[in-house]
Amino acid sequence: AVLKLQQQQTVNGGWPWFEGYRESRYITQQVVAGFGKLHYLKVIDVKENVMLKQMIVRAVDYLTNELMEDYRNHTRKAGPKKDSVQISPIQIYYLYSLSYLLDVVEIPETAKSVVEYYGRMARAQWQKSGLSMQAMIALWAGRNGDAKTAGAIIRSLRDRAIVDEEIGMYWRDNVAGFSWERAPIQTQALLIELFEETANDREAADLMRTWLIKQKQVQAWPENSATAEAVYALLIRGTSWLSTSPGVTIKLGDKTIDPSDLPDVKAEAGTGYFKTHWSAVEIDPGMSKIVVTKSTDGPAWGALYWQYFEQLDKITAHQSPLSLKRELFVKRNSEAGPVLEPVKENKAIAVGDQLVVRMVLTTDRDLNFVHLKDMRAPGFEPIAQLSGYTWKGGLGYYQTARDVSGDFFFDYLPRGTWVIEYPVMVTLKGSYSAGIGSVQCMYAPEFAAHSSGLRVMVE
């Protein structure tokens, strides 16, 4: 791997995004920070590997020259007001990535004043920086003996953190954006490293690891760098969740569920995952009382599904961390314009009425790959027949009309409450079950919900 990187390093000392392209400061700093972490954790010794040290020194020279060029440019433009210019994320990344290599790389005398200048800017402007940049500044400051700046940032982060018993510790403003520093998984990994190393707070770091693992439960980590940073954050120092057995005891009523006692059931090595089922005659009311006990460190999760048959209009609503509320409205014209009147059970509507189906979808966490299926009464026909991608109210999804349902597919469903509406036309008289709406995360099927059933009368 080192040889491959050596072959791809340009004459200027940087690395490109892909071979044959011009060098990139961001990619180069990723490589430098990556080797810095390996060196800092004593996985490899950059000082003892001559070829690797030469690569890193050349890369740092390239990054330092770029930083000096930044200084010349903004000094020329800002003049006497140069100290009022906001430090950029790529400049903070430079300080952070070099903090892993303090005993390896020596900054040239000609560049020391420039590096010190950006260091002063980082100390003075951390409150104006984003979450990931604050973590980088605090780690850099702590490694350079500036406990005052590091402590102030950590106190601020504690004040803004949200702690949830199930989800763990996280920050509301840690959301995805359109630039590299707005990456939730990488940002959480940085914050874990900060609380482990600089704050020496193992309890908080474990709560933050819980958030990281719970995100993986319902999302695909978006790219290789996110996965690498997440694995790094899970393995550095702290409590080793991988070295302990699952340690989970499950009781359904008075029955203790032990996979070793179940025929044809084998727990998965490492995770302890297993799956079993009971037929109708084996189920008794006592099994509705479920007690799960965990005796070892780290999180664990599972799911219990109860399947049975019921008349559609008698189904009651069910929710998990997902919830779905479904309503029908008749669209009427009034002097003030179109108005929506709720459709109530045993209150008749007429052939030719236009209805609006409203679904209120709520999730307490970000989800990937979600399918929402809205069943349609036999006497209703969708007005929009064409399938396609839709963007409404900040939410993007693919919508398709099928014979008995309207289906909605979300590759990404952010946490919050979302309202989805679509129109249908009443075409046949009669008494119909209007069906239910159901939603499920395909990545984690235990995250599912459905609405209650409803019967409608059409005159």
Side-chain angles (χ1 to χ4, degrees), residues 30 130-132 135 161-193 205-236 241-242 268 270-271 273 275 298-303 305 319-324 359 361-373 389-391 393-399 407-418 420 438-450:
Q30 267 201 320
L131 200 61
S132 62
I162 299 170
V163 179
D164 183 273
E165 184 179 7
E166 182 197 351
I167 300 176
M169 182 172 172
Y170 64 100
W171 283 262
R172 196 181 303 278
D173 52 342
N174 186 15
V175 294
F178 293 103
S179 54
W180 60 266
E181 74 272 14
R182 297 289 300 275
I185 301 301
Q186 290 94 319
T187 298
Q188 187 79 357
L190 275 169
L191 291 162
I192 291 171
E193 185 178 15
D206 278 348
L207 284 169
M208 293 154 70
R209 285 191 180 94
T210 298
W211 182 91
L212 204 58
I213 287 290
K214 296 297 285 185
Q215 295 306 299
K216 187 68 174 79
Q217 183 186 15
V218 293
Q219 296 178 42
W221 283 338
E223 68 276 320
N224 53 10
S225 63
T227 303
E229 295 297 338
V231 171
Y232 172 75
L234 291 169
L235 296 181
I236 55 170
W241 290 353
L242 297 184
E268 185 178 77
T271 66
Y273 170 81
K275 178 180 179 180
W301 61 74
Y305 303 90
Q319 67 182 47
S320 58
L322 268 173
S323 69
L324 180 65
M359 291 169 289
L361 179 59
T362 303
T363 172
D364 69 351
R365 65 200 73 188
D366 298 339
L367 301 172
N368 277 143
F369 313 122
V370 177
H371 174 212
L372 171 59
K373 179 178 181 179
Y389 186 81
T390 302
W391 178 269
L395 184 64
Y397 52 89
Y398 187 88
Q399 179 178 352
D407 290 74
F408 305 81
F409 301 90
F410 311 85
D411 59 351
Y412 176 61
L413 181 67
R415 73 173 181 266
T417 298
W418 304 96
I420 300 165
S438 59
V439 61
Q440 187 172 41
C441 176
M442 299 290 99
Y443 202 80
E446 64 269 27
F447 286 74
H450 60 73

To the nearest 0.5 Å, tell me how far [X] [atom1] sits from [Y] [atom2].
X	Y	atom1	atom2	value
Tyr412	Asp366	OH	CG	3.5 Å
Arg415	Arg172	CZ	CZ	6.5 Å
Asn174	Thr187	CG	OG1	4.5 Å
Gln188	Leu131	CD	CG	8.5 Å
Met169	Leu212	CE	CG	13.5 Å
Leu322	Phe447	CG	CZ	8.0 Å

So, does Glu446 use its side chain to make a donor-acceptor pair with the main chain of Gly302 at under 3.5 Å? no
Using a 3.5 Å distance criterion without hydrogens, assess whether the side chain of Asp411 forms a donor-acceptor pair with backbone atoms of Phe369. no
Could you work out, with side-chain contact (heavy atoms from CB on, under 4.5 Å) as the rule, every residue matching Gln440, not counting sequence neighbours? Met442, Pro445, Ala448
Do the non-hydrogen side-chain atoms of [X] and [Y] ever get within less than 4.5 Å of each other?
X	Y	value
Ser323	Asp364	no
Leu361	Leu413	yes
Ile192	Leu234	no
Phe410	Ile420	yes
Leu324	Leu372	yes

If I compare all heavy atoms of [X] with all of [Y], which pair ends up nearest, and what's the gap?
X	Y	result
Glu181	Ser132	O-OG, 2.8 Å
Arg209	Ile236	NH2-O, 2.7 Å
Pro414	Leu395	CD-CD1, 3.9 Å
Gly396	Tyr389	CA-OH, 3.2 Å
Asp164	Ile167	OD1-N, 2.9 Å

Selection residues 210-236 - residue pairs positive for salt bridge (charged side-chain N to carboxylate O under 4.0 Å, His left out), sequence neighbours left out: Lys37-Glu229, Glu166-Lys214
Side chain to side chain contact (heavy atoms under 4.5 Å, CB included) between Tyr232 and Gln186, intermediate numbers included: CA-CA 10 Å; Tyr232 172 75; Gln186 290 94 319; over 6 Å; no
As a test of understanding, state which of Phe409, Tyr398, Phe408, Tyr397 forms a ring-ring contact (aromatic ring centres under 6.0 Å, His included) with His371. Phe409
Please test Trp211 against Leu191 for side chain to side chain contact (heavy atoms under 4.5 Å, CB included), starting from the C-alpha separation and ending with a verdict. CA-CA 12 Å; Trp211 182 91; Leu191 291 162; over 6 Å; no
